[in-house]
Undergrad: 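Right, I'll just put the structure down here and ask away after.
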Amino acid sequence: MAKVTYVQPDGTSRTCVNFEGMTLMQLAVGNLVDGIDALCGGMMQCATCHCYIADEWLDRVGSAPDDERTMLEAIDGVDIRPNSRLSCQVQLGEELDGLVVHIPAEQPGI
Ligand code: FES
């Protein structure tokens, strides 16, 4: 089980509970979290699942690997930061219980 808190740009937040090892994107979509649209369904083709990992969690989650970073850079309108991740590429597990992520103010193409 992993509890994840999604923080919106206005500071409001929702905490969702994952019981089955979903990705960070799947948990958000399944709970109708605003700002995670995931238009490609997790195929790393759209970047509409972009999020920012809270600084205190970045070591545990890890930075975006090269292919993910390349994808983020290829899409116009993505405000890429050192803690940027595609939420569809982050697998949730017990080690990420308590994770906090921030939703960007805008997603590409939305
Ligand atoms: Fe499209 Fe993650 S859902 S890149």
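Just follow the structure's listing: the first ligand is 1, and inside any ligand the first atom is 1.
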Undergrad: Verify the distance test for C88 against atom 1 (Fe) of ligand 1: any N/O/S atom under 2.8 Å, yes or no.
TA: no
Undergrad: Heavy atom under 4.0 Å from ligand 1: found in Q45's side chain, backbone, both, or neither?
TA: backbone
Undergrad: Can you tell me how far apart CE (M43) and CD (Q89) are? Round to the nearest 0.5 Å.
TA: 9.5 Å
Undergrad: Please could you name the atoms of ligand 1 that C40 approaches to less than 4.0 Å, counting only its heavy atoms?
TA: 1 (Fe), 3 (S), 4 (S)
Undergrad: Specify side chain, backbone, both or neither for A47, according to which of its non-hydrogen atoms lie closer than 4.0 Å to ligand 1.
TA: backbone
Undergrad: Can you sort out the partners of D79 under salt bridge (charged side-chain N to carboxylate O under 4.0 Å, His left out), two or more places apart, ordered by chain and number?
TA: R81
Undergrad: In terms of atom number and element, which parts of ligand 1 are under 4.0 angstrom from non-hydrogen atoms of M44?
TA: 4 (S)
Undergrad: We want to know whether H50 and S87 form a side-chain donor-acceptor pair, criterion being a heavy-atom distance below 3.5 angstrom.
TA: no
Undergrad: Using a 4.0 Å heavy-atom cut-off, which part of C49 comes near ligand 1: side chain, backbone, both, or neither?
TA: side chain
Undergrad: Salt bridge (Lys or Arg N to Asp or Glu O under 4.0 Å), that's the test. Do E68 and R85 meet it? Break it down for me.
TA: CA-CA 8 Å; E68 189 177 322; R85 289 300 308 264; 2.7 Å; yes
Undergrad: Under 3.5 Å, side chain of Q8 to main-chain N/O of S13, donor-acceptor pair present?
TA: no
Undergrad: Hydrogens and angles aside, do T5 and T15 bring a side-chain donor and acceptor to less than 3.5 Å of each other?
TA: yes
Undergrad: How close does the nearest protein non-hydrogen atom get to atom 3 (S) of ligand 1, and which residue and atom is it?
TA: G42 N, 3.3 Å
